[in-house]
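Worksheet: one structure, shown below.
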Amino acid sequence: MGRMCAAVRMRPDEVDLDAPLVSGLVAAQFPRWAGLPVRRLPSPGTENAMFRLGDDKVVRLPRHPGAVESVGHEARWLARLGPALPVAAPVPLAQGGPGEGFAWPWSVYRWLDGRNPVAGAVERPLSLAAELAAFVTALRGIDPRGGPRNHRGVPLAERDAPTRDALARLTGRIDTYAVTALWEEALRAPGRTAPPVWAHGDLSPGNVLVQDGRLAAVIDFGCVGIGDPAVDLIVAWNLLPASARGAFREAVGADDAEWARGRGWALSISLIQLPYYWETNPPLAENSRHVIGEILAEARSAGTPPASGAYSPS
């Protein structure tokens, strides 16, 4: 389950985590794994820290109080969703609890081989587009009854205030005039009228694993839930090149309104991430800049986006 980026404190309420702490937790709660080597994995993740345990396991611990709730959420819903997906997903092996030096629940998962793809350097982009579309389609097709609400599967209007706040903080760093026009265009897209379905909610390069250019696994289901699945279209801009974007859209079956909402989600997420992680998480900030650049380039190729008026999909 390979990921990138050094261990950096990104929030003032983050806790200190290291290999000796994890070794102690494992030995105390799962004696059968005591003595296995523990190594922290470099990761761009902002919610959880990852430690490889032996050769075939990984320990995942929340980095701050806001990530604690997702520990049980992910384990519960992966058990239901994972077997129905066309690619590998994390397999929960054990659930740890508070212990010496750590006050929260944590998880042990089966190790998944692969590496994170890099936007702008994707091997076999058309194959990856098809495989990502198959994942999104399969997830959408799972029975949503009883599923939790996806906090990102909501109308884009609920993102307006934090997105505009981020735009204000980015004045002088990006073309805020052009990007604001694109955000307002996305807000005018018709909302979803069909029933809610499952969505991963965080389909970013750091949560995708590839091997030999092929999709090997999707990880981090801490946001998974039901709602508007347009949020999972973000991968079209945060990972796939423009040359494969159309194939991904066709395979998913996104109409103009859903595609516009997906683009809006990609823009909003990147705008909010960029000023927050500019210094503390360079890979995440770089991907945010990439997304903004891709969406601006798309707008330029289609003509200047309107600053106001009726919705007109590009």
Side-chain angles (χ1 to χ4, degrees), residues 10-11 44 46 119-120 150-193 199 201-206 223 227-242 245-246 248-249 252 254-314:
M10 288 175 277
R11 290 180 172 86
T46 62
N150 189 316
H151 76 272
R152 280 185 171 175
V154 298
L156 278 178
E158 295 189 23
R159 300 276 293 190
D160 192 35
T163 300
R164 290 185 189 274
D165 177 68
L167 280 163
R169 296 171 63 191
L170 289 166
T171 301
R173 289 184 161 184
I174 65 170
D175 185 346
T176 51
Y177 180 84
V179 174
T180 298
L182 289 168
W183 172 242
E184 291 176 348
E185 182 183 31
L187 288 173
R188 292 192 294 275
R192 179 177 172 86
T193 57
D202 195 14
L203 204 53
S204 62
C223 288
D228 180 0
V231 66
D232 281 349
L233 302 182
I234 61 175
V235 75
W237 294 274
N238 69 29
L239 178 57
L240 294 173
R245 219 165 275 152
F248 173 76
R249 175 180 176 176
V252 172
D255 61 18
D256 287 342
E258 183 180 26
W259 193 246
R261 295 196 306 276
R263 185 191 297 114
W265 270 106
L267 189 61
S268 176
I269 290 169
S270 295
L271 288 170
I272 292 170
Q273 285 179 165
L274 184 53
Y276 194 92
Y277 297 114
W278 194 287
E279 301 293 341
T280 59
N281 194 323
L284 195 57
E286 176 57 34
N287 189 255
S288 296
R289 286 190 289 268
H290 172 84
V291 169
I292 295 165
E294 288 292 296
I295 293 175
L296 282 169
E298 243 183 21
R300 285 193 293 268
S301 69
T304 304
S308 62
Y311 168 69
S312 54
S314 58

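Not measured: the values here are computed from a predicted model.
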**Prompt:** Which one of Leu267, Ile269, Leu274 satisfies the side chain to side chain contact (heavy atoms under 4.5 Å, CB included) criterion with Leu271?
**Reply:** Leu267
**Asked** Can Asp160 and Trp183 be counted as having a side-chain donor-acceptor contact under 3.5 angstrom?
**Response** yes
**Request:** Evaluate the side-chain proximity of Glu258 to Pro229: yes if any heavy-atom separation is below 4.5 Å, no if none is.
**Result:** yes
**Message:** Would you compute the distance between atom OG of Ser268 and atom CZ of Arg152 and round it to the nearest 0.5 angstrom?
**Reply:** 8.5 Å
**Prompt:** When you check the gap from the basic side-chain N to the acidic O, do Arg263 and Glu298 get nearer than 4.0 Å?
**Reply:** yes
**Request:** Identify the heavy atoms of Asn287 and Asn238 that sit nearest to each other, and give their distance.
**Result:** ND2-O, 2.9 Å
**Request:** Could you verify whether a donor N or O on one side chain and an acceptor N or O on the other, from Thr176 and Thr171, lie under 3.5 Å apart?
**Result:** no
**Request:** Using atom types as modelled and distance alone, determine if a side-chain donor or acceptor of Arg173 lies under 3.5 Å from a backbone N or O of Pro275.
**Result:** no
**Pair Glu184 + Arg164, salt bridge at N-O below 4.0 Å** = yes
**Message:** Please give me the minimum heavy-atom distance between Val291 and Ala266, naming the atom from each residue.
**Reply:** CG1-O, 3.5 Å
**side-chain contact (heavy atoms from CB on, under 4.5 Å) between Leu233 and Phe248, worked out** = CA-CA 9 Å; Leu233 302 182; Phe248 173 76; 3.8 Å; yes
**Message:** Donor-acceptor pair, distance only, cut-off 3.5 Å: does the side chain of Asp232 make one with the backbone of Gly201?
**Reply:** yes
**Request:** With the side chain counted from C-beta on, respond yes when Ser204 and Val235 share a heavy-atom pair under 4.5 Å apart, and no when they do not.
**Result:** no
**Prompt:** Does some side-chain heavy atom of Leu170 sit less than 4.5 Å from a side-chain heavy atom of Trp278?
**Reply:** yes
**Prompt:** So, for Tyr276 and Thr280, which heavy atoms are closest and what is the spacing to 0.1 Å?
**Reply:** O-OG1, 3.9 Å
**Request:** Let me see the working for Arg245 and Glu294 under salt bridge (charged side-chain N to carboxylate O under 4.0 Å, His left out), right down to the final yes or no.
**Result:** CA-CA 11 Å; Arg245 219 165 275 152; Glu294 288 292 296; 2.6 Å; yes
**Request:** Would you mind checking if Glu185 and Arg188 are paired as a salt bridge, meaning a charged N to carboxylate O distance below 4.0 Å?
**Result:** no
**Message:** Which heavy atom of Leu156 sits nearest to which heavy atom of Ala186, and what is that distance?
**Reply:** CD1-O, 3.8 Å
**Request:** Identify the heavy atoms of Leu182 and Ala299 that sit nearest to each other, and give their distance.
**Result:** CD2-CB, 3.6 Å
**Asked** Could you give the distance from CG (Leu239) to CD1 (Ile234), rounded to the nearest 0.5 Å?
**Response** 10.5 Å
**Request:** Report yes if the distance between the aromatic ring centroids of Trp259 and Trp265 is under 6.0 Å, otherwise no.
**Result:** no
**Request:** Any chance you could measure Asp255, atom CG, to Arg192, atom CZ, to the nearest 0.5 Å?
**Result:** 9.5 Å
**Request:** Over all heavy atoms of both residues, which pair between Ala189 and Ala257 is shortest? Give the atoms and the distance, please.
**Result:** CB-O, 4.1 Å
**Prompt:** Is Asp202 reaching over with its side chain to a backbone N or O of Cys223, donor-acceptor style, under 3.5 angstrom?
**Reply:** no
**Prompt:** Is a salt bridge present between Asp256 and Arg249, judged by a nitrogen-to-oxygen distance below 4.0 Å?
**Reply:** yes
**Prompt:** With no hydrogens and no angle check, is any side-chain donor or acceptor of Asp228 less than 3.5 Å from a backbone partner on Gly191?
**Reply:** no
